[in-house]
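As the structure is a computational prediction, the values presented were derived from the model and not from experiment. Excluded from the calculations below are hydrogen atoms, water molecules and symmetry mates; all remaining heavy atoms, backbone and side chain alike, are included. Start at 1 and go down the list; that is how both ligands and their atoms are numbered.
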Amino acid sequence: MLLATTVLLLVLLCLVWTIWVKGKPKDPLHLPPGPRPFPVIGNILQIKPQEFLLSLQQFQKKYGPIFTIYFGSHPTVVICGYDAVKEALVDNKDVFSGRGKMAVPEYVMKGYGIIGSNGDRWKQMRRFALTTLRNFGMGKRSIEERIQEEAQFLVEEFGKTEGELFDPTFFLGCAVSNIICSVLLGKRFSYKDERFLSLLKNVTGAVRFMNSVWGLIFSFFHGVMHHIPGPHQKGIQHLFDLRAFIQEEVNESVKTLNPDSTRHFIDCFLVKMQQEKENPSSEFHNENLLGSSMNLFFAGTETTSTTLRYGFLALLKYPEIQAKIQDEIDYVIGDRRPSAEDRTNIPYTEAVICEIQRFCDIVPTGVPHSTTENILFRDYTIPKGTNVFPLLTTVLKDPEQFPQPEIFSPDRFLDDKGAVKKHAAFLPFSAGRRICIGEGLARMELFLFLTTLLQKFTLTTVVATDDLDLTPEFSSAGHLPRSYKMSAIPRH
Ligand code: HEM
Ligand SMILES: *[C@@H]1O[C@H](CO)[C@@H](O)[C@H](O)[C@H]1NC(C)=O
Ligand SMILES: *[C@@H]1O[C@H](CO)[C@@H](O)[C@H](O)[C@H]1NC(C)=O
């Protein structure tokens with residue numbers, strides 16, 4: 001009801017406005033072409049929040065790989081296909097390194113942290129997070145051991161289902177969240193821990209909100225939206241709850257901090273805060289600590305667990321691919337614990353993981369960028385501070401790069417000798433200066449969780465493989481797999 005009235009009101013407003021202001025204003029900047037915007041509300045009526053991505057893809061067909069749409073009165077340049085995305089994010093990496101407007105995180109994080117920040121703050125936060133994650137093991141042993149340990153807990157939980165059908169969402173979410181907890185807080189939680197469960201509920205609730213139509217409407221009209229009641233208020237509340245949780249953990253860490261023996265990300269940040277406490281313009285303060293920690297939580301949990309859950313669904317649909325992975329595991333790894341080193345020796349499994357990431361395409365719209373300077377891009381002028389969407393789905397499903405992109409085929413990541421074949425257009429983590437900082441961690445998790453589980457279990461379901469639907473569930477932002485149940489049948 002509220003939605004309908006809001007939309008109706010806006011339509012009326014537009015009509016009045018278009019009668020007043022006739023004709024399209026001359027565009028002196030030569031922004032890329034696009035659908036004609038209405039004053040104030042821009043292209044919202046042509047975009048359909050329920051089919052956001054689809055609408056953008058239709059504009060791509062009509063206007064080509066680079067086009068402009070208006071959210072309200074602000075232009076956003078959308079870039080599609082491998083060639084154009086690479087030309088922007090890689091060949092002009094500095095100009096396209098800004099972060100575009102993201103209403104929800106901006107509202108909660110106020111521009112602090114890594115994902116939503118810009119300029120010097122962003123450089124410092126990003127560099128700090130990258131080095132800290134590296135010292136804690138992205139590439140070193142310790143984080144690998146934590147993932148291996150967590151994988152054993154997953155095996156235990158899968159075992160307890162005794163071959164009955166179950167939805168893996170909960171267990172995978174727990175396991176992946178525990179890895180981030182281990183990085184941030186230096187501890188893992190039992191899957192029954194009350195505090196952990198409410199934490200997960202908040203994360204899921206916030207993600208569900210951001211993927212909903214309400215989340216999108218909030219992004220378009222955040223100026224007014226936080227003043228009006230509606231379901232979005234609850235969505236936002238999850239984020240504030242998570243923030244409070246992290247603040248509690250920070251306070252606890254302050255009390256027990258030993259600068260000579262840091263236990264986790266928060267400790268490292270606190271030490272840096274102490275080192276810079278004489279510097280009044282230091283970026284190392286409580287707000288950036290909360291912002292960065294929230295970022296790691298969000299960016300690092302749903303993405304990885306959704307990929308795993310989607311991947312399992314693909315393996316249920318293609319049992320022959322699952323069997324080939326198991327053959328490779330049995331042959332190369334046998335009964336011992338899979339380790340990160342094994343990755344180089346099991347190319348087929350690596351290829352399947354790449355294809356899972358390409359096919360599932362879980363961040364189809366990418367994360368908004370913005371230009372840090374005016375730029376002449378192809379035949380257009382894009383002014384400084386313009387929002388830019390690198391549409392990652394049009395890269396991962398670019399038919400020039402991946403023939404028959406809608407087919408799930410791990411072989412496209414193997415050369416004729418059976419070794420892993422790299423693809424320049426394989427960009428699930430994006431590219432350029434803003435490329436995901438969790439790529440190494442995520443890839444290690446995907447590999448170790450998948451191999452450890454398939455070493456011990458065969459995944460099956462009662463639904464006929466033809467009836468398993470790999471197309472994503474409705475969502476206004478991310479791609480999510482349709483919900484499903486599976487059985488984990490012990491292998492030995
Ligand atoms: C399969 C798992 C993952 C996928 C598909 C993924 C994907 C992405 C994408 C597409 C971006 C946007 C890059 C851009 O702005 O162009 C991003 C940014 C980011 N990711 Fe990930 N990510 C994953 C896992 C992780 C993990 C595990 C972490 C935490 C350690 C993480 C932390 C971040 C951060 C902090 C950023 C912001 C970087 C910046 O703005 O400078 N991600 N990720
Ligand atoms: C969010 O977490 C807090 C405690 O961490 C909990 O009290 C609250 O119920 C959670 N909210 C939801 C909606 O799950
Ligand atoms: C954390 O500590 C700060 C300052 O020491 C205090 O203002 C704040 O209320 C505390 N927050 C929580 C959640 O304990």
Suppose I only count heavy atoms of [X] and a 4.0 Å limit; which atoms of ligand 1 are within that range?
X	result
P428	5 (C), 7 (C), 10 (C)
S430	13 (C), 14 (C), 16 (O)
T307	1 (C)
L392	10 (C)

Closest to [atom] among [options] (heavy-atom distance):
atom	options	result
atom 37 (C) of ligand 1	V176, I115, T304	I115
atom 6 (C) of ligand 3	N286, V254, N251	N251
atom 30 (C) of ligand 1	V388, L441, I353, V363	L441
atom 26 (C) of ligand 1	C436, G116, G300	G300

>> Does K397 qualify as a cation-pi partner of F359, given the criterion of NZ or CZ under 6.0 Å from the six-membered ring centre and within 45 degrees of its axis?
In response: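 Output yes; distance and angle both within limits.
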
> Can the positive tip of R358 be found less than 6.0 Å from the middle of the six-membered ring of F402, inside 45° of the ring normal?
Replying inline: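 Relative to the ring axis of F402, which defines the angle, R358 lies inside both limits.
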
Residue part near ligand 1, for [X], under 4.0 Å between non-hydrogen atoms:
X	answer
Q357	side chain
R433	neither
R126	side chain

Is the [X] to [Y] ring centre distance short of 6.0 Å?
X	Y	answer
F153	F171	no
F128	F265	yes
F377	F96	yes

> Looking at Q247, which atoms of ligand 3 are within less than 4.0 Å of one of its heavy atoms?
Replying inline: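 Contacts of ligand 3 toward Q247, numbered from 1: 1 (C), 11 (N), 13 (C).
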
> Can you tell me if Q148 uses its side chain to pair, donor with acceptor, with the backbone of P338 under 3.5 Å?
Replying inline: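 Yes: the side chain of Q148 pairs with the backbone of P338.
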
Using a strict 4.0 Å threshold on nitrogen-to-oxygen distance, state whether [X] and [Y] make a salt bridge.
X	Y	value
E144	R337	no
R195	E248	yes
R146	E445	no

>> So, applying side chain to side chain contact (heavy atoms under 4.5 Å, CB included) with Y348, which one of I329, I353, L414, V420 is it?
In response: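 The residue from I329, I353, L414, V420 that satisfies side chain to side chain contact (heavy atoms under 4.5 Å, CB included) with Y348 turns out to be L414.
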
Any non-hydrogen atom of [X] lying under 4.0 Å from ligand 1?
X	value
V183	no
N295	no
G366	no
H369	yes

> Are T169 and D167 linked by a side-chain donor-acceptor pair shorter than 3.5 Å?
Replying inline: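 Checked: T169/D167 side chains pair up, N/O donor to acceptor below 3.5 Å.
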
>> Quick check on atom 4 (C) of ligand 3 - does any protein heavy atom sit closer than 4.0 Å to it?
In response: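 No; the ligand atom in question lacks any protein heavy-atom contact below 4.0 Å.
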
> Nearest protein heavy atom to atom 11 (N) of ligand 3: under 4.0 Å?
Replying inline: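 It does; a protein heavy atom is within 4.0 Å.
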
> Short N/O distance, under 3.5 Å, between E445 and ligand 1?
Replying inline: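 By distance alone, the answer is no.
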
>> Counting only heavy atoms not in R127 (residues, nucleotides, ligands), do more than 12 fall under 6.0 Å from its CZ?
In response: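 No.
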
